[in-house]
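Residue indices begin at 1 and follow the sequence shown. Worth saying up front: this structure is predicted, and the values here are computed from it rather than measured. All values below were derived from every heavy atom in this structure, side-chain atoms included, with hydrogens, water molecules and symmetry-related copies excluded.
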Amino acid sequence: PIPCVPWQSQTSGQQHRLLDEAQVLEICEKCCPLLVHPSCGVRNAALNFLGEAAREEHLGPVKAHVRLRQRLRPYLRHEIVYVTRENLGAALRTPLDSRTFQALKDHCAQPMRHKLPPHLEEEPAFVGALLDHYRKIVSKGTNQADDEELGGLFTSA
């Protein structure tokens with residue numbers, strides 16, 4: 001499957017943006033935790049979206065840097081100056097393994113019953129960002145995985 005996002009619409013010879021800046025930033029925020037997802041397909045879809053969002057036609061390099069830097073920081077091994085797909089891909093942390101990913105989701109659903117893996121306690125900013133993301137999903141009362149939350153935007157071609 002090839003993830004694609006409907007950025008623009010062609011109507012009677014004119015291009016119209018389908019997403020405004022606030023929507024793009026909201027989706028970017030939801031994409032950030034997916035940068036360390038165990039699935040390569042999910043990580044690539046998030047990288048593609050964030051890379052496209054940072055392009056001149058959407059946020060542009062300055063807004064992308066200012067508005068996304070804090071959101072991206074927990075998922076990167078080092079700082080990046082320009083938000084591009086290539087720069088993000090080179091700076092990403094090692095993806096979560098499947099067991100750690102499941103442990104994080106289980107902990108959010110039932111924190112008293114499921115403890116976090118000990119190796120995660122060494123990185124509180126990273127774990128805090130992931131837990132915030134998964135808690136939002138769990139609080140919705142659904143059983144959907146974090147990558148399904150964006151399912152309406154990513155389609156197979």
If every non-hydrogen atom of [X] is compared with every non-hydrogen atom of [Y], which pair is closest and at what distance?
| X | Y | value |
| --- | --- | --- |
| Thr94 | Val36 | O-CG1, 4.3 Å |
| Cys31 | Ala46 | O-CB, 3.7 Å |
| Leu104 | Leu96 | CD1-CD1, 3.8 Å |
| Ala53 | His58 | O-CB, 3.3 Å |
| Glu56 | Pro61 | OE1-CD, 3.2 Å |
| Leu92 | Arg77 | O-NE, 3.0 Å |

Once rounded to the nearest 0.5 Å, what's the spacing between atom [atom1] of [X] and atom [atom2] of [Y]?
| X | Y | atom1 | atom2 | value |
| --- | --- | --- | --- | --- |
| Asp132 | Cys32 | CG | SG | 12.5 Å |
| Ser39 | Asn44 | OG | CG | 8.5 Å |
| Glu79 | Leu72 | CD | CG | 9.5 Å |
| Leu47 | Leu34 | CG | CG | 10.0 Å |
| Leu50 | Asn87 | CG | CG | 12.5 Å |

Task: Pro95 and Pro38, any side-chain heavy atoms less than 4.5 Å apart - done: no
TODO: Could you tell me whether the side chain of Val83 reaches within less than 4.5 Å of the side chain of Leu59, counting heavy atoms only?
DONE: no
Open item on the list: Using the ring centroid of each side chain, check whether His37 and Phe101 are separated by less than 6.0 Å.
Closed with: yes
Task: Full working for side chain to side chain contact (heavy atoms under 4.5 Å, CB included) between Leu130 and Tyr75 - done: CA-CA 9 Å; Leu130 287 172; Tyr75 309 103; 3.7 Å; yes
TODO: Write out all pairs satisfying salt bridge (Lys or Arg N to Asp or Glu O under 4.0 Å) with one or both partners inside residues 89-98, taking only residues at least two apart or from two chains.
DONE: Arg93-Glu123
Task: For Arg71, all residues meeting salt bridge (Lys or Arg N to Asp or Glu O under 4.0 Å), sequence neighbours excluded - done: Glu29
- [ ] Tell me, please, which residues at least two apart from Lys115 pass salt bridge (Lys or Arg N to Asp or Glu O under 4.0 Å).
- [x] none
Open item on the list: Could you check whether any side-chain N or O of Gln23 sits under 3.5 Å from a backbone N or O of Asp20, counting only pairs where one atom can act as donor and the other as acceptor?
Closed with: yes
Task: Greater than 12 external heavy atoms within 6.0 Å of Arg73's CZ - done: yes
Task: Charged N-O contact under 4.0 Å between Lys63 and Glu21 - done: yes
Task: Between Arg43 and Asn48: side-chain donor-acceptor atoms closer than 3.5 Å - done: no
Task: Distance-only donor-acceptor check, side chains Gln110 and Asp106, under 3.5 Å - done: no
